[in-house]
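These notes are about the structure you will find just below.
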Amino acid sequence: MRFPEPEDDDPILSVVNLIDLFLVVIGILMIVILQNPLNPFAAQNVTVVENPGTDEMRITVKEGQELRRYEASEGIGEGQGIRAGITYRLDDGRMIYVPED
């Protein structure tokens with residue numbers, strides 16, 4: 001009478017179990033990273049400024065599911081308009097806006 005070989009002695013099964021364990025750990029770590037409150041893109045509305053004050057400055061704005069990216073250019077900001085009022089800073093740091101007539 002022949003007895004079937006036990007599968008517990010197969011060394012490849014332990015390697016497969018280790019791979020499964022690592023996949024579960026990687027999945028849990030990815031979920032933790034995505035739900036991290038310090039993740040800037042976890043919130044609905046976010047503005048991220050990269051390299052502020054340099055020639056390579058970029059501003060990324062996320063509003064809901066929409067992403068917009070603004071990059072610095074060599075030109076100076078210009079526009080058309082009229083003076084709308086004057087702003088004063090008080091001694092305690094508050095700002096007061098006084099519209100012009």
Side-chain angles (χ1 to χ4, degrees):
M1 175 180 233
R2 284 186 139 189
F3 293 107
E5 250 183 66
E7 295 180 9
D8 294 339
D9 293 338
D10 192 6
I12 197 73
L13 289 178
S14 61
V15 173
V16 171
N17 288 337
L18 283 176
I19 292 173
D20 291 341
L21 176 68
F22 286 133
L23 287 175
V24 169
V25 169
I26 289 171
I28 290 172
L29 288 175
M30 288 179 66
I31 291 171
V32 167
I33 289 172
L34 290 176
Q35 294 182 348
N36 186 357
L38 298 177
N39 182 1
F41 293 105
Q44 287 292 330
N45 298 329
V46 176
T47 302
V48 178
V49 179
E50 302 172 29
N51 305 324
T54 65
D55 293 340
E56 295 147 3
M57 183 172 82
R58 282 183 293 220
I59 300 173
T60 305
V61 178
K62 177 187 176 211
E63 294 175 348
Q65 295 294 328
E66 181 182 345
L67 280 175
R68 288 180 289 162
R69 175 169 281 186
Y70 303 101
E71 296 193 13
S73 64
E74 296 295 323
I76 297 174
E78 294 181 355
Q80 297 178 350
I82 60 170
R83 185 173 169 169
I86 301 172
T87 304
Y88 297 97
R89 181 186 308 269
L90 300 179
D91 292 337
D92 61 0
R94 291 184 296 160
M95 302 287 280
I96 303 290
Y97 170 72
V98 180
E100 291 185 352
D101 293 332

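The OG1 atom of T60 lies 8.5 Å from the CD atom of E71; values are rounded to the nearest 0.5 Å. For the atom pair CZ of R89 and CZ of R94, the computed distance is 12.5 Å after rounding to the nearest 0.5 Å. Rounded to the nearest 0.5 angstrom, R68 CZ and T47 OG1 are separated by 8.5 Å. Going from atom CD1 of I26 over to atom CG of L21 covers 10.0 Å, rounded to the nearest 0.5 Å.
Taken together through direct or relayed side-chain contacts under 4.5 Å among Ile, Leu, Val, Met, Phe, Trp and Tyr, V49 and V61 form part of one hydrophobic cluster. No path of Ile, Leu, Val, Met, Phe, Trp and Tyr side chains, each step under 4.5 Å between heavy atoms, connects M30 with F22, placing them in separate hydrophobic clusters. No path of Ile, Leu, Val, Met, Phe, Trp and Tyr side chains, each step under 4.5 Å between heavy atoms, connects I59 with L67, placing them in separate hydrophobic clusters.
Looking at M95 and Y97, their side chains never come closer than 4.5 Å, going by heavy atoms from C-beta outward.
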Would V24 and D20 count as a side chain to side chain contact (heavy atoms under 4.5 Å, CB included) if you check the C-alpha gap in whole Å, the side-chain angles of each, and the deciding distance to 0.1 Å?
CA-CA 6 Å; V24 169; D20 291 341; 5.7 Å; no
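In this view, D91 satisfies the side chain to side chain contact (heavy atoms under 4.5 Å, CB included) rule with no residue, not counting sequence neighbours.
Looking at every heavy atom in both residues, N51 comes nearest to E56 through ND2-O, 3.6 Å.
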